[in-house]
Peer 1: 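I'd like to ask some things about the structure below.
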Protein chains: 2
Amino acid sequence: MANKEDILIRFGRRVRELRAERGYSQEAFAHECELDRTYVGGIERGERNLALRNIERIAETLGVTLAELMKGL
Amino acid sequence: MANKEDILIRFGRRVRELRAERGYSQEAFAHECELDRTYVGGIERGERNLALRNIERIAETLGVTLAELMKGL
DNA sequence: TTGTGACTCGTAGTCCGTA
DNA sequence: ATACGGACTACGAGTCACA
């Protein structure tokens with residue numbers, strides 16, 4: 001069912017994939033998002049239960065829609 | 001375009017639509033989600049910047065994937 | 001049946017560092 | 001370039017009485 005694993009882990013992995021595809025470092029990406037470097041790291045490690053506004057910022061910075069960002073999660 | 005309006009408002013409207021389609025009252029829906037009635041009301045009114053775990057609970061209760069829930073937002 | 005203000009408490013989110 | 005920790009502030013989580 002693909003949905004057993006924690007949502008934060010799955011989301012973090014997805015963000016990391018998309019960020020890396022785009023050739024961003026965490027730091028550069030965080031700067032684009034106007035989020036803290038250590039916070040983005042925490043998100044990618046699945047340690048952060050981030051809220052909708054920041055999810056949207058991340059989607060925008062990655063250049064995907066929210067639906068695309070959530071695809072498969 | 002279509003993306004100028006605040007994400008919380010758009011998300012809230014989407015939740016309200018899907019909930020109403022399913023014939024839930026806010027109260028019944030909140031009970032299914034194991035969330036407070038007034039909290040769900042706040043979400044639907046776009047007043048709550050809810051975090052990923054609660055977004056997931058809502059998607060589950062509505063019987064849609066996260067990607068479907070975010071569709072068009 | 002839903003809206004709203006006010007509230008407590010935990011955590012979202014920032015900033016400093018070390019490795 | 002990234003992980004991780006401590007200490008901090010702002011805001012999300014969650015509840016209530018009342019309209």
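Just so you know, these numbers come straight off a predicted model, no measurement behind them. Residue numbering restarts at 1 for every chain, and letters A, B, ... go by the order of the sequence lines.
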Peer 1: Under 3.5 Å, is there a donor-acceptor pair between the side chain of Arg19(A) and the main chain of Leu62(A)?
Peer 2: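 Side chain of Arg19(A) to backbone of Leu62(A), a donor-acceptor pair under 3.5 Å: no, none is there.
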Peer 1: Please check: side-chain N/O of Asn49(A) versus main-chain N/O of Ala51(B), any donor-acceptor pairing under 3.5 Å?
Peer 2: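 Here the side-chain-to-backbone pair does not exist.
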Peer 1: According to a strict under-4.0 Å criterion, is Arg19(A) in side-chain N/O contact with OP1 or OP2 of dT2(D)?
Peer 2: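 The answer is yes; a side-chain N or O of Arg19(A) sits under 4.0 Å from OP1 or OP2.
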Peer 1: Are Met70(A) and Ile55(A) packed together at the side-chain level, in the sense that at least one heavy-atom pair is separated by less than 4.5 angstrom?
Peer 2: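 Met70(A) reaches Ile55(A) side chain to side chain.
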Peer 1: Quick check: do Phe29(A) and Ile58(A) have side-chain heavy atoms less than 4.5 Å from each other?
Peer 2: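 Of all side-chain heavy-atom pairs linking Ile58(A) with Phe29(A), at least one is under 4.5 Å.
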Peer 1: Heavy atoms only: give me the nearest Tyr39(B)-Asn54(B) pair and the separation to one decimal.
Peer 2: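 Taking every non-hydrogen atom into account, OH-ND2, 3.4 Å.
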Peer 1: Taking the side chain as C-beta and beyond, is there a heavy-atom pair between His31(B) and Arg37(B) under 4.5 Å?
Peer 2: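 Contact flag for His31(B)/Arg37(B) side chains = no.
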Peer 1: Scan residues 29-42 of chain B against DNA chain D and write down, sorted by residue number, each residue with any heavy atom closer than 4.0 Å; if none is found, say none.
Peer 2: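 By residue number: Leu35(B), Asp36(B), Arg37(B), Thr38(B), Tyr39(B).
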Peer 1: Short question: side chain of Glu68(A), backbone of Thr65(A) - any donor-acceptor pair under 3.5 Å?
Peer 2: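 Yes.
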Peer 1: What integer distance in Å separates Arg57(A):CZ from dT14(C):C1'?
Peer 2: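 Atom-to-atom, Arg57(A) to dT14(C), this comes out as 12 Å.
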Peer 1: Does anything in residues 47-55 of chain A reach DNA chain C, meaning a heavy atom under 4.0 Å, and if so which residues?
Peer 2: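 Those residues are Arg48(A), Asn49(A), Leu50(A), Ala51(A), Asn54(A).
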Peer 1: In whole angstrom, give the distance that lies between atom CD of Glu44(B) and atom P of dT2(C).
Peer 2: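 In whole Å, dT2(C) P and Glu44(B) CD are 8 Å from each other.
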Peer 1: Could you tell me the separation between the CD atom of Glu27(B) and the P atom of dT2(C), rounded to a whole number of Å?
Peer 2: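 So the CD-P distance, Glu27(B) to dT2(C), works out to 8 Å.
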Peer 1: Rounded to the Å, how far apart are Leu8(B) CG and dA13(D) P?
Peer 2: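 Atom-to-atom, Leu8(B) to dA13(D), this comes out as 10 Å.
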Peer 1: Taking Arg57(A) for its side chain and Arg53(A) for its backbone only, find out whether a donor-acceptor pair lies under 3.5 Å.
Peer 2: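 Between the backbone of Arg53(A) and the side chain of Arg57(A) there is no qualifying donor-acceptor contact (under 3.5 Å).
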